[in-house]
Every structure is written in structure tokens, then in C-alpha cells.
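To start, the structure under review is shown below, and the notes come after it.
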Amino acid sequence: MAKKRASKRGSKRKYSPAAGKSVASAVRRQKKGTLRSGRRGRAGRVKSRKQAIAIGLSEARKKGAKVPARRKKSSSRKRSPS
């Protein structure tokens, strides 16, 4: 019986290399102070590293890179009239 060869990664890649480049670019722009949030950059400069990463992933999705779908917001329960 042949042994299965264990791969270094347990499963397939979640993010493509192109997505990583897009995130790296966004973080670089954030550090430089040129990354802006909102539509057409109206909302102002991005100061948070997490926000820069989110913008980079969003840009990667628009370009068609392999990126997991966004997490769904948990909807608050609606109270039934009692």
C-alpha cells in the first residue's frame, strides 16, 4: 500500500498571490499616507492597518483575484410582538 505524500499546506490556498500583492500595495499606500477610504476617496485618509488590508482585499475582489467572500453581517433578531 502506497503512502500518501503529505503536502505542506493542509488544503488549497484561500488567497491567490495576486490578492497578497494587492493587500501589500494598499498597506504601502496607507503607510505613505495616500490611501483614502470611501467612494472616490472622499472619507479621508486611512489610519488603521486593518482597514488598509480590507481595502486591499476589496480591490483584489474587483480585479477577479481568488479571495474568500466577505463575512456576512449577523442580523439582529427581530422581536416578535407579544
Side-chain angles (χ1 to χ4, degrees):
M1 196 160 80
K3 288 184 180 179
K4 285 190 177 180
R5 200 167 148 188
S7 62
K8 288 184 182 178
R9 295 183 182 274
S11 60
K12 293 181 184 178
R13 284 177 182 252
K14 286 187 178 181
Y15 298 86
S16 67
K21 287 179 185 176
S22 182
V23 169
S25 169
V27 171
R28 227 177 284 118
R29 285 184 286 150
Q30 181 246 337
K31 284 182 179 179
K32 194 176 177 184
T34 57
L35 183 64
R36 300 181 73 81
S37 67
R39 293 198 180 191
R40 294 179 291 280
R42 289 184 181 175
R45 269 197 350 247
V46 171
K47 294 175 184 170
S48 163
R49 183 180 177 88
K50 279 186 178 181
Q51 193 177 2
I53 292 168
I55 291 170
L57 289 174
S58 178
E59 289 171 355
R61 276 189 195 94
K62 286 176 188 172
K63 289 178 187 174
K66 183 183 175 190
V67 182
R70 286 182 174 171
R71 290 190 185 131
K72 301 288 181 189
K73 289 183 181 179
S74 60
S75 58
S76 59
R77 288 187 182 198
K78 291 184 180 179
R79 292 183 184 164
S80 59
S82 48

Donor-acceptor pairs under 3.5 angstrom involving side-chain atoms of residues 61-69: please list them, not counting sequence neighbours.
residue, atom, partner, partner atom, Å
Arg61, NE, Pro68, O, 3.3
Arg61, NH2, Pro68, O, 2.8
Lys66, NZ, Arg13, O, 2.6

Pairs of donor and acceptor atoms involving the side chains of residues 43-55, under 3.5 Å and at least two apart or interchain, shall be tabulated with distances.
residue, atom, partner, partner atom, Å
Ser48, OG, Lys50, N, 3.2
Ser48, OG, Gln51, N, 3.3

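By the side-chain hydrogen bond (donor to acceptor under 3.5 Å, both in side chains) test, Glu59 pairs with Arg29, sequence neighbours left out.
Across all their heavy atoms, Ala60 and Ser22 have their closest contact at N-OG, 3.6 Å.
One hydrophobic cluster, built from ILVMFWY side chains closer than 4.5 Å, cannot hold both Leu35 and Val27; they sit in different ones.
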